[in-house]
Each structure stands twice: as structure tokens, then as C-alpha cells.
Chemist: 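Have a look at the structure that comes next, please.
When reading the values below, keep in mind they use all heavy atoms of this one structure, side chains included, and skip hydrogens, waters and symmetry mates. Letters A, B, ... are given to chains in the order of the sequence lines, protein chains preceding strands, and every chain is numbered from 1. The structure presented is a predicted model; accordingly, all values stated were derived computationally and were not measured.
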Amino acid sequence: MRIRVTLILVAVVFLCAFLFLPLAIVFIEAFRKGLFVFMSAFSDPDALAAIRLTLLVAAIAVPFNAIFGVAAAWTIAKFNFRGKNFLLTLIDLPFSISPVISGLVYVLLFGAQGWFGHWLKAHNVEIIFAVPGIVLATIFVTFPFVAREIIPLMQAQGTSEEEAALTLGASGWHTFLHVTLPNIKWALLYGVLLCNARAMGEFGAVSVVSGHIRGKTDTVPLHIEVLYNDYNFTAAFAVATLLASLGLVTLLLKSILEWKFADNLAATHHR
Amino acid sequence: MSVSVTVRNLEKTFNQFSALRGISLEVNSGELVALLGPSGSGKTTLLRCIAGLEYQNNGSVFFGDINADQLSLRERRIGFVFQQYALFKHMNVADNIAFGLRAKRRAIRPTESAIRLRVEELLNLIQLSGLELRYPSQLSGGQRQRVALARALAIEPRVLLLDEPFGALDAKVRKDLRRWLRELHARTGHTTLFVTHDQDEAFELADRVAILNNGLIEQIGTPSQILGYPKTKFIADFVDGINLKPLKAENIRNNVIELRATSSPQG
Amino acid sequence: MSINIIRRSFSLGLAAVTFAAMLATAPQAFADSSLLNVSYDPTRELYKSINAAFAADWKTKTGETITINQSHGGSGKQARAVIDGLKADVVTLALAGDIDAIAEKAKLLPADWATRLPHNSTPFSSTIVFLVHKGNPKAIKDWGDLAGQGLEVITPNPKTSGGARWNFLAAWAWANKAYGGDEAKTKEYITNLYKNVPVLDTGARGSTTTFAQRGIGDVLISWESDAFLALDEFGADKFEIIVPSISIAAETPVAVIDENAKANGNEKLAKAYLDYLFAPAAQKIAAHQHYRPSDPSAADPADLAKLPKIELVNINDAFGGWAKAQKTYFSDGGVFDLLYKPRS
């Protein structure tokens, strides 16, 4: 009994110190100099440009990863083929290597001295230190989120509903749209949510390929670093509240989904 | 509308394992045949090859005169009932049954009112009228089994294939459903193959029983033929202890041909 | 039912994409042309002021509205980015060696770039001093004190930061003089100094925030200009500057990256921009922000009076120029790699 209380206490203290306190500090620091200073952080054109860029990057990377995540999960869960485990490992790759390394790989590929550097320069295509590079790096680091969320679910659900649909004369697309997708929709949404949070918050990989041009290639996390290093602490924390709020909203939606999702899963086990 | 099924020299291997090693089988139009055998004998693989859910390495399947190998899964138009039913769990009973009709190409898709009529008719057939808005999770095992059957019948299949149709049910429900299925078959007259590992079930229900072992058919014949003259020691051991009076298939058949004339689902 | 949800979320997604695209293409501050200045870490405030002055000057002279985009980071890292394809029209870096690297590795400008502008293309320079907590609680007076035990010294990573390399060489110059040219003793001193460094930031400004904002360390080895700025920002009641007996003349050169400027159609603008850095107006701004102007006559005497008199060694005289110093001390397997052991 005493051990249980102690353990709970330790956990609560730990959570407060390492999760709640930093979050609280972000908001306290942001509003330290009042609402006006807080708001003025968002009228800075560089801040607006960073927000625009982050939204654009997420608007490309998240749908891309949703589509390819579903495709990859479908392939892995519904078919048996040689190299399946290798593909699974490959999907996890972005989780297991440092984001900075992922960014550097793109520099090595598309940088001026990289493998495709001459070709890109000859054709006047800008990837590194421009928006395409930031999008690519973000897609890379956020790729596993959707696929990882769906694969176990698809594997657990098996292929019999799809097989049933096919024997009933449905086309592959009809089967996907009316049988597969409804069965994974909550998991898909969950994955998209996490993918989006990471896409908007990614620092390491984006930092390497961004070039840090203010108002042009700085995303919100990079802009926060710029403000911090400009001794502009209040503005840094003000912009940071955006990411913190995104995190909180994600957490909230995630909890709602988990609750709803569990319900949804329970139905399949009910007999 | 039912057609005969001919299987010629079917072979199927998974990796190194030979699941089917040259199976030939003739099922007459309107016949009810059981594929019986211990687990791993290849009976389910045979059923899935006929359905087109697996591709054989060798041999062919014919529906009547049509070589089924040239038909895609959707063109085969077989009614397959899965062991765990594989009902669409996010659709209610009516939508489950209507699925195959709604999935048809626009040109040949029935109107929504025709679909609704057909669903009603099938609900009547499986005696579940009034439950059309239930979800699969809200049904008993036996009810799910019947919904799966209605869903398969909705597309007016050439043949009906059932994989362990009573496997997931308890003994009492099993008995009732067995009788009900026999009657239903008699009434609709679909060429039907079903897989089972239960000897009683096979001999009580089927017109003919094919006993599989190790990817081969060891013997095929009417229940009395097999019980009277087991061909091999394996068969003799396998059917040892079975002692039953098969349902009088001929009698029921005679009854029901009249029934078919009056309430044919194709009509 | 499900299909409705899918349709709805699809159209929602479409709306989000459209919205983002609208934001992304929303009219940017309209400008006739724009110039990218890739600079080192602590020049943020300096170029903010100079860019505003230059843009106004350019507008009155030509009628054109221009935007000058800035990128800041450790000098070595920034040079690497330009080599890898960052489309800088001009670079304003912490040391000549980094611009040499761009000329050598990417061939974007000629090797003799330094001769194209006065003072070896250095419009203003700085030097290296110490920043300590108010009252100097650890009694740090000169370079020798930094190698003492139980002290935490903050300096950035010489591999990525230009200021860090000046810091290293200034310490070396002092030790070389203090130990009468005994290289073994000098190396021992440097080893002990870097044993006191808990973390190497990638840029000088990162080190300054580590020391001044996060409160880590007893002494920051810093650009003179950044040390003064820290006093302005955080309050002269919190920190004070310690001037060592000897330091290094930290020349921070500038250059047009010819190939990029040509590709961007910015040759004329880029040259005018760098010329402006040598002009009295920019010199005055630089002196006001605690840089050492190449033309002191244009500066406010009050600003000049704040800059302490220090004995300064020169990179060419003391170390044989940047090409040699870079190779000896900072290349892979060089002296720094041999002496520095990261804390585990």
C-alpha cells in the first residue's frame, strides 16, 4: 500500500517537473510582458512567413504521408511477399536515425556538391535551402506515423472482409473505399494527427536543409530559435505557444479518438 | 441457374509444401457435396482455389462449360461463406446483404428500390426479417452465419462455397442450422460445396462426400457408399464409429423442387 | 455513412490545402529585387540596422525598393551551406578562411577575392574578450585563469563557429607568449582550458545565450561586440567585461559570391551593398554596435572610447595566415581534435 502511494507520488512529481512545468513556463514567459507584446510577436512579417511556411509544409507532407502510409500498410498487412520484413524495417528507418542525419542525407543528394547537384543546377531546380527541401525532409521524418498506426490494425483485422467483398464482385477500389477504409478510419485519423504534430514541430532535419533565410525558409520551430538567439525571449515564447497549443490540441483529439477508437475495436471483439 | 463444377488435376504448393497434389472432382448441378478431411488435408485450399481466392499451380476449374481460370474473382460470381463469416462490421445487416448488388458496375446495377426488395426477400429466406438495422456485433453466431449466407446468395451465385459453416457455433445451434441449411439448399437448389472436419456433419448433410488426405481425394461417394465400402485403411479409420441415418436427401429434393418453382430467388 | 465521413474529411483536407496555398502565395512585401546576405552568428543586430540604412539609401538613389534577406549561423556552418548550394549573393563571415573554403570547394568566386575591397575586404573587425558575472566572483583576469580547476568556460565549437576559432587562436597566442614559445606547455594549457568547457554550441550567439540567458558557466569567451551587446540586453548590473592582456585582431571579411549574384541578376546590387559597408554611414553604425571600424573617422568618438585598448596579434604574423592556421589547428585530425576530449 505504502509502496503504491509512493510510486504514484513519484510519477506525479515527475510528470509535473518534466511535462507540466515546461509547458506552463512557455505560456508564462509568453505573457510576461502582457497581451500586447504577445500579440505583436505575430504581427512581425517574419513570424507570419514562418507560420505560412509551416502550414504549407504540413499541407503537403501530411496528405502525402497519409496516402503513402495507407498504401504501405495495405501492402504489408494484406499481402505476403519476399522482403516484407525489410520493407517494415525501412518504414521504421526515420524513427531510428537522427533527424539531423536525415537532413544531411538530402544535402548529400541534392546539395550543390551532392550526387544530383550538377543536374539540378543545370536545370535550375532548387531543392536544398528552399521549400522543396524542407518539404522532403519533413516527409521523411514523419513517414512512419500513419503507416505504423495502421499496420498492426490491418494485420489484426486480416483480409477476410476484403476477400468477401471481392467474391461479392466489388472492384479493388470499391473494396478499399467501402470495406478497408471504414475499418481503419480512426487509426488513420490518429496517425494523421501525430504526423501533423510532428510535421509542424520538426526541428532537426529541417534545420539542416533550411538555410535559415529569415522570412523565407524559416519554419515556426526555426523562427523560435532565431527569436531566442536574437534575445527576443518574449516573442520566442509567444510563437512557441503556437506549437505548445498544437501539442495540447493534438493530445486532446488523440484522447477523444482513443476513447472512440477503443469503442470501435470493442465492437469487433464482442460476440 | 446452378451449374456443375469440374475440377481437373488441381495442384497447389505453398513455398515447399504441397497442399493439393492433383485433385479431380465433378460436382453436378444442384448437388450438395462435403469436402471432409483432417486439418492440413487441403480441403480449404481446394475451396479457395475454386473460388479464385488462391491460384493453383496446375490444373483447371470449370463452371459448366466455362473455364473459371479465365474469369477474374469478380467475374466468377461465386457465393463464398467464410469460416468467421467476414461480415462487414461497420455495416448493418441490410447493407451487408446489399453489398454485392451495390458493388456491381453502374450499367448492370439494380435500382435502389430493387435492391431493397431483394434484401427483404433474402431476410425472409433466412428468417431474420426485422433485424435489418442491427450491426453484426449485435447478432448471435447463428444469425451472423445466416446473414453471411444471404449476402452470398444476393449476387445469384453460380455455386455456393462454405468454409466450415458451423465451425464457430455451439452444438445446439449447429444441429438446428444444419437442418435449416439442408432445407435451404433443397429450396434454392444451388450447387454447393462445403468444407468440414466433422464426419457427422458431412454424412448427415451432403449428397456426396469427398474425403481428402494429404492433398488428395482418397474417396468420393454417397454416405452409404463410403460407409459401406471404405476404400482405404485411412478411410476406414476416419469414418469408424459413424453410425447415422443420412437425411433422406431424395425425399427432400422432391419436395423442394416444387418449392423452387414457386419461390425461386432468381424469379 | 462511412463514405460520407470520408467525403467530408476529404473536402475538409482540400479546404486546408487551399487555405495553406492561399497563405503561401499571399502577397509578400513587394520588392523590385532582393539580396541574400549569409552572415555569421552574432551580426544579427548589426545587419538589421545596416540593411535598413542601405535600403533607404538605395531607394533615394535609384528609386528601387529592395529587400535584404538574412541568414545567420556559425560561420563555418554558413560557409558549408553556401558550398552546398545556399544561394548567397554576398557573404559576411567571421574569418577569411571560411570564404577561402567557398572559393576553393565550390569555385563560386575567385581565390583572390580578398584583394577586391579595401582592408583585405574587412569593413569592420572585432576582437576576443571575456564576459563574467558581475563582480567577477572567480577573479578572472587573463587567459591563464581560464585553465584553472573548478571553472566552467563557455565557448562555441571551432568546427562550426568562426568566433570559436578566434577564441582558440587568441588563447594560443597568449600561451605562446607566456611560455616563451614552448609548444608542449602551450598545448597543455589549451588542453586544460578545453577541459573546462561543458558544452560546445554551434555558433557564438548560441554560446552567449547559454551563458547569459541559461546561466551556465563562469566565463564566456566572446566577441567583443557580442559581449557589449549582452551588457545592453541583460543589464550592466549582471555581467562585466574582462579585457585580457593580449588578444587577436579578428578580421571579419565580406565578399560577393560572383556566381550566385550573376545567376540572381544581383551583381550590381551586391557590389553596391558591400561598398556601402565601407562607407561612413555603415562605419558609424558598426562602431555604435561595438565593432571596430576600418575608418574610425566616420564613427562617433563616444562609441570609439568604449572600445578598450588591447595588444592585438595578427593572424598573418602570428599564425601565417588563415589557410595555414585552418589546416594546422582545425582540420580533421588537427591540433584541436588532438587536444579536445568531449566530456562524457
Chemist: Could you tell me the separation between the CD atom of B:Gln84 and the CD atom of A:Glu161, rounded to the nearest 0.5 Å?
Modeler: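 Answer for the CD-CD pair, B:Gln84 versus A:Glu161, is 12.0 Å.
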
Chemist: Determine, stepwise, if the pair B:Arg48 / A:Glu163 fulfils side-chain contact (heavy atoms from CB on, under 4.5 Å).
Modeler: CA-CA 10 Å; B:Arg48 289 173 63 87; A:Glu163 283 185 344; 2.6 Å; yes

Chemist: Heavy-atom count around B:Arg8 CZ within 6.0 Å, excluding the residue itself: above 12?
Modeler: no

Chemist: Around atom CG of B:Asp65, are there more than 12 heavy atoms from other residues, nucleotides or ligands closer than 6.0 Å?
Modeler: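 Open.
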
Chemist: For chain A, which candidate among B:Ala103, B:Ala51, B:Ala152 shows the most heavy-atom pairs at distances under 4.5 Å?
Modeler: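 Winner by heavy-atom pair count: B:Ala103.
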
Chemist: Once you round to the nearest 0.5 Å, how far does OG1 of A:Thr167 lie from CG of B:Leu161?
Modeler: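 Going from the OG1 atom of A:Thr167 to the CG atom of B:Leu161 covers 9.0 Å.
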
Chemist: Select one option (side chain, backbone, both, neither) describing which atoms of B:Leu87 are under 4.5 Å from chain A's heavy atoms.
Modeler: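 For B:Leu87, backbone heavy atoms alone lie under 4.5 Å from chain A.
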
Chemist: Indicate the atoms forming the closest heavy-atom contact of A:Ala164 with B:Ala86, along with that distance.
Modeler: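 Result for this residue pair: CB-O, 4.0 Å.
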
Chemist: Under 4.5 Å from any heavy atom of chain A, what part of B:Ile78 do you find: side chain, backbone, both or neither?
Modeler: both

Chemist: Is any residue of residues 70-82 of chain A within less than 4.5 Å of chain B by heavy atoms, and which ones?
Modeler: none

Chemist: For A:Leu7, I'd like to know if atom CG has over 12 heavy atoms of other residues, nucleotides or ligands within 6.0 Å.
Modeler: yes

Chemist: How long is the span from the CG atom in A:Leu168 to the CD1 atom in B:Ile97, to the nearest 0.5 Å?
Modeler: 11.0 Å

Chemist: Do you know which of B:Phe80, B:Phe99, B:Phe88 has the most heavy-atom pairs with chain A at a distance under 4.5 angstrom?
Modeler: B:Phe88

Chemist: With respect to chain A, which residue among B:Lys104, B:Met91, B:Arg76, B:Arg151 yields the maximal number of heavy-atom pairs within a distance under 4.5 Å?
Modeler: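 Counting heavy-atom pairs under 4.5 Å, the top option is B:Arg151.
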
Chemist: Would you give the length of the straight line joining atom CG of B:Leu73 to atom OG of A:Ser171, rounded to the nearest 0.5 angstrom?
Modeler: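 Those atoms lie 11.5 Å apart.
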
Chemist: Which heavy-atom pair separates A:Gly169 from B:Arg74 by the least distance, and what is that distance?
Modeler: O-NE, 2.8 Å

Chemist: CZ of B:Phe14: more than 12 outside heavy atoms within 6.0 angstrom?
Modeler: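 Result for CZ/B:Phe14: enclosed.
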
Chemist: Any side-chain heavy atom of A:His174 sitting closer than 4.5 Å to one from B:Arg105?
Modeler: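 Side-chain contact under 4.5 Å: no.
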
